[in-house]
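What's counted below: heavy atoms across the whole structure, side chains too, no hydrogens, waters or symmetry copies.
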Amino acid sequence: MQWVVVTRWVRTRTAHITHGPFDQFTQRYQWLGILLVGLMLVGYPAAADPGDTRRLAMLVAAPWAGETAMHNDLGATYTVLRQRGFAPEEFLVLEGPLTRSLLLAFLQDVHRRIGAWPQGEVWFFFSGHGTLRGTTAADAQAGLPFTNALHPLPEAQVWWEEVFAALQAPPAVQVLLLPDS
């Protein structure tokens, strides 16, 4: 399994654009983020034999109550990937108030879908909040809280190591991870 991790981009809001299934209302976009994602996709290597390679785009947005930025991020990523050639049926989207069990079930479903792939590409985009636990850099662990509680319950957060364990992409499937957390 090959993981490519892209760090969080700088947020700049400028103009309004509508698009695809997310055009129920006008969206504000983060142009610098879109530019960075676009540049990454231009350089993202295509498979040698596209007929035998499968693709999947997993888009996850985990806003806290009242937040809309994650929806906007999800819409922008969807648009860029569609322009890159992803078909609507190559998307799995999870958006809204999340729990640990909901996200892990989603990832296990993705694992069942890609588990038998001889080769492929999975684009994994996450937009939400992040947290760390541990007292030193050596024991630090990154996680995703689904609530703004100071001390969230275990069901209200998940750790990245658990995300990777649930996904378990086969060795010949490349996973491009873009966390905005």
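Residue W159 comes nearest to R133 through the heavy atom pair NE1-NH1, 3.0 Å, listed as atom of the first residue, atom of the second, then distance. Between L102 and P97, the shortest heavy-atom distance links the atoms CD2-O, 4.1 Å. Counting all heavy atoms, side chain and backbone alike, A142 lies closest to L132 at CA-CD2, 3.6 Å. Closest of all the heavy-atom pairs between G96 and P63 is O-CD, 3.6 Å. A172 approaches P118 most closely through the heavy-atom pair CB-O, 3.0 Å. Annotation for W64 and P145: closest pair NE1-O, 3.4 Å, computed over non-hydrogen atoms.
Put simply, the side chain of I114 reaches to within 4.5 Å of the side chain of L167, judged on heavy atoms. The side-chain heavy atoms of F91 and L81, taken from C-beta on, include a pair separated by under 4.5 Å. Between D180 and F126 there is no side-chain heavy-atom pair separated by less than 4.5 Å. Looking at heavy atoms from C-beta onward, V60 lies out of side-chain contact with L92 at the 4.5 angstrom threshold. Residues L144 and W160 are in side-chain contact: their nearest non-hydrogen atoms beyond the backbone lie under 4.5 Å apart. Using a 4.5 Å heavy-atom cutoff, the side chains of E95 and M70 are not in contact.
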Exercise for review: Begin from the C-alpha positions of F124 and L56 and carry the test side chain to side chain contact (heavy atoms under 4.5 Å, CB included) through to its verdict.
Suggested key: CA-CA 8 Å; F124 181 8; L56 181 66; over 6 Å; no

Practice item. For the pair F164 and L107, evaluate side chain to side chain contact (heavy atoms under 4.5 Å, CB included) and give the outcome as yes or no after the intermediate values. Key: CA-CA 9 Å; F164 302 138; L107 294 168; over 6 Å; no

Check your understanding: So L177 and W123, side chain to side chain contact (heavy atoms under 4.5 Å, CB included) or not? Walk me through it.
Key -> CA-CA 6 Å; L177 175 62; W123 173 275; over 6 Å; no

**Study point:** Chi angles and distances behind the side chain to side chain contact (heavy atoms under 4.5 Å, CB included) call for L153, F146
**Key:** CA-CA 10 Å; L153 297 172; F146 302 126; over 6 Å; no

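Partners of E162 by side chain to side chain donor-acceptor pair (under 3.5 Å), not counting sequence neighbours, listed by chain and number: R100. Here A105 pairs with nothing under the side chain to side chain contact (heavy atoms under 4.5 Å, CB included) rule; sequence neighbours left out. Applying the side chain to side chain donor-acceptor pair (under 3.5 Å) test to R82 and every residue at least two apart in sequence or in another chain returns nothing.
A donor-acceptor distance shorter than 3.5 angstrom exists from the side chain of E90 to the backbone of A87, with no hydrogens or angles considered. With hydrogens and angles ignored, the 3.5 Å screen pairs a side-chain donor or acceptor of R55 with a backbone N or O of G85. Between the H129 side chain and the S181 main chain, no donor and acceptor come within less than 3.5 Å of each other.
Donor-acceptor pairing under 3.5 Å is lacking for the side chains of Q157 and T131.
Within the model, atoms OG1 of T79 and CG of L74 stand 9.5 Å from one another, a figure rounded to the nearest 0.5 Å. With rounding to the nearest 0.5 Å, the separation of CG in L104 from NE2 in H111 is 13.0 Å. Note that CD of E121 and CZ of R54 are 13.0 Å apart. Values are rounded to the nearest 0.5 Å.
Applying the side-chain contact (heavy atoms from CB on, under 4.5 Å) test between M58 and each of V93, V122, V175 identifies V122 as the sole match.
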